[in-house]
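So you know, we letter chains A, B, ... as the sequences are listed, proteins then strands, and number each from 1.
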There are 2 protein chains.
Amino acid sequence: MAKSGGKEQRPRTKAEQRAATLEQILDAAELLFSRHGLNGVTLRDVARKVGVHTSLMHYYFVDKRQLFEAAFARRAGITSNRRMEALERYEREAGDSPTVVGALRAFLDTDLDLYISGGAGWKNFAAFVSQVSNSSEGAAMMDLYFDPVVLKLISVLRKALPGCPDREIFWGYHFVTGALMHTLGNTGRIDRLSGGLCKSDDLAAVKERLASFMAAGLTALCAAHPKNSRARKRLAL
Amino acid sequence: MAKSGGKEQRPRTKAEQRAATLEQILDAAELLFSRHGLNGVTLRDVARKVGVHTSLMHYYFVDKRQLFEAAFARRAGITSNRRMEALERYEREAGDSPTVVGALRAFLDTDLDLYISGGAGWKNFAAFVSQVSNSSEGAAMMDLYFDPVVLKLISVLRKALPGCPDREIFWGYHFVTGALMHTLGNTGRIDRLSGGLCKSDDLAAVKERLASFMAAGLTALCAAHPKNSRARKRLAL
DNA sequence: ATTATCTATAGATCTATAGATAATGC
DNA sequence: ATTATCTATAGATCTATAGATAATGC
């Protein structure tokens, strides 16, 4: 398949060839894993998609698990860093008065922008993240790549919501990431449900709505559970 | 395993035995599929868990796919109907003035209640729904079992949000179900992130927060996108 | 002379089916 | 006499490795 392209010239040096093949394998793996998960994809599937022999998968990645992790690692670090920088920039600019929606925009929109305008590879990665996030095999990878950004987001939200207990901020984040992951999953369900009014892959529409929706939710959550509310409830009894 | 229990007497009649074995197989399948997805589970895994031979899976369910679907169908219809009734009841009680939070409570809390107090089987089913919802194989099953309830929810939300375009209500629903599915997935990530402040399996805590959080989000969403807002925007240009 | 890729193959495992055995049913 | 369960096995497929071949590298 990739070979029959014609346009793509064989890379000259071995280093170039190695790099090109690696990238093709990772692209194919990313696409397939994003749709079918770790166990729904065989190394043969990946090799066939690239147009090389299965044994080449082992040559470059030892085993399936390592291919899976390499495919994830390739872009996970990039978006994680971008979002971290966006949060730090926002923190600087907002000074003493960061807002919930501002923090969420730095966290969510920065990510969505990449999937919107990063090309097909990033779109596949988006669905891949959703798969990983929802699978038991993926837990460690999510923690490894995304804990720092998430904790950064939490720290900015803390400043934006001074009276709010940490617990509520974490629950709020849990809902935020649920909506984001479900969006990235791109299952097409909302398309069918809404009769085409909404499209799963319309990340621009999601970007327009997600941060402000979630900011309202978080704000309401904190209003309903002010600090020391447990102590207050006890007194009220 | 199941055989060694001792307590459980061999059912007398064949019909009883059949029913008991079917249920054991479905329980095991539900548990395993909920953790590892369709492709992460083999018929051998299920058979081993029940303590019978693999070929019995084929005797009762023909093939793996049908076992998967039967395990899902067993409880999906039940919770779907319960929620439908809760929504209809709420609609009757609320008369002309249903609220967003009221509709969401009927939809979300009715479901969560079942997972909270329905026993281990229902807890496994909750994670199973999340798996199915996030997989490409599961799309048709989600549509089949849950479209009617979701569309009922939408219709109540429409009454609760008279000025709101359908599109916004559907996007709002998309975020709601994302948060719910992520919760049901029970991945343990929020436990680790929050250092134990929140627990993935604490559905009571989620129930306390989810509906009101989402009601605030939906209300804000509709406020930001009133009907004919597109036409207005055009005029504003 | 090194490295990218392929051929051949071992060994494990999986789904599925045919037919045997051991229970219950009348 | 019927049905629940098991044994045996076919055929497909999967991961992984060893070793051959065909390129680039100096």
Side-chain angles (χ1 to χ4, degrees), chain A residues 1-6 8-29 31-33 35-71 135 137, chain B residues 1-6 8-29 31-33 35-71 135 137:
Chain A
M1 272 195 131
K3 278 177 170 175
S4 64
E8 330 131 17
Q9 296 215 342
R10 263 281 158 88
R12 251 134 284 171
T13 79
K14 285 195 173 178
E16 279 170 354
Q17 184 159 350
R18 180 185 183 87
T21 302
L22 273 168
E23 204 175 337
Q24 279 182 44
I25 294 173
L26 290 172
D27 285 346
L31 174 73
L32 291 170
F33 285 137
R35 305 262 191 292
H36 309 111
L38 176 62
N39 296 307
V41 177
T42 69
L43 291 173
R44 274 179 118 145
D45 292 335
V46 181
R48 194 183 321 133
K49 194 157 191 72
V50 177
V52 297
H53 197 271
T54 307
S55 59
L56 205 61
M57 304 299 104
H58 296 104
Y59 175 68
Y60 281 116
F61 295 100
V62 182
D63 63 20
K64 186 173 159 181
R65 180 75 206 208
Q66 288 191 48
L67 170 59
F68 187 77
E69 290 180 8
S135 71
E137 310 101 45
Chain B
M1 272 196 131
K3 279 176 168 176
S4 64
E8 331 130 19
Q9 296 215 342
R10 261 284 158 86
R12 251 133 283 170
T13 79
K14 284 194 175 180
E16 279 171 356
Q17 183 158 351
R18 180 186 183 86
T21 303
L22 273 169
E23 204 174 336
Q24 279 184 43
I25 294 173
L26 289 173
D27 285 347
L31 173 73
L32 291 170
F33 285 137
R35 305 263 192 290
H36 309 111
L38 176 62
N39 296 307
V41 177
T42 70
L43 290 174
R44 274 181 119 143
D45 293 334
V46 181
R48 193 184 321 134
K49 195 156 191 72
V50 178
V52 296
H53 198 272
T54 307
S55 58
L56 206 61
M57 306 297 104
H58 296 104
Y59 176 68
Y60 281 116
F61 295 101
V62 180
D63 63 20
K64 186 174 162 182
R65 180 75 206 210
Q66 287 190 49
L67 170 59
F68 187 76
E69 290 180 9
S135 71
E137 310 100 45

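Whole-Å rounding puts the B:Gln17 CD to C:dA23 C1' distance at 8 Å. Here C:dT3 presents its C1' atom at 4 Å from NZ of A:Lys14, a figure rounded to the nearest Å. Atom CG of A:Leu43 and atom C1' of D:dC14 are 8 Å apart (whole Å). Following rounding to the nearest Å, A:Arg48 (CZ) and D:dT15 (P) show an atom-to-atom distance of 11 Å. One interatomic measurement links the two molecules: CG of B:Asn39 to C1' of D:dT15, which rounds to 16 Å at whole-angstrom precision. With rounding to whole Å, A:Glu16 atom CD is found 15 Å from D:dA23 atom C1'.
Rounding to the nearest 0.5 Å gives a distance of 5.5 Å between OG of B:Ser135 and CZ of B:Phe68. How far CG of B:Leu22 is from CD of B:Gln17: 11.0 Å, rounded to the nearest 0.5 Å. Between the OH atom in A:Tyr60 and the CD atom in A:Gln66 there is a gap of 15.5 Å [rounded to 0.5 Å].
For A:Thr42 and D:dT15, a side-chain-to-base donor-acceptor distance below 3.5 Å is absent, hydrogens and geometry of angles not being considered.
Annotation for B:Arg65 and B:Glu137: closest pair NH2-O, 3.1 Å, computed over non-hydrogen atoms. When every heavy atom of A:Val41 is checked against every heavy atom of A:Lys64, the shortest pair comes out as O-NZ, 2.7 Å. Heavy atoms only, all atoms of each residue included: A:Gly40 and A:Asp45 are closest at O-OD2, 4.2 Å.
Counting heavy atoms from C-beta on, the side chains of B:Asp27 and B:Leu31 never come closer than 4.5 Å.
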Q) Given Watson-Crick or G-U pairs with both distances under 3.5 Å, what dot-bracket string fits DNA chain D, with | for other-strand pairs and [ ] for crossing? A) ||||||||||||||||||||||||..
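By the ring-ring contact (aromatic ring centres under 6.0 Å, His included) test, A:Phe61 pairs with no residue at all, sequence neighbours left out.
Among A:Val62, A:Asp63, A:Ile25, A:Thr42, the one residue that satisfies the side-chain contact (heavy atoms from CB on, under 4.5 Å) test with A:Met57 is A:Ile25.
In the region residues 56-70 of chain B, proximity to DNA chain C at under 4.0 angstrom, judged on heavy atoms, holds for B:His58, B:Asp63, B:Lys64.
Residues B:His53 and B:Ala15 both approach DNA chain D. Their nearest nucleotides, taken by heavy-atom distance, put B:Ala15 toward the 5′ side.
When the side-chain nitrogen and oxygen atoms of B:Thr21 are compared with OP1 and OP2 of D:dT5, one or more of them lie within a distance under 4.0 Å.
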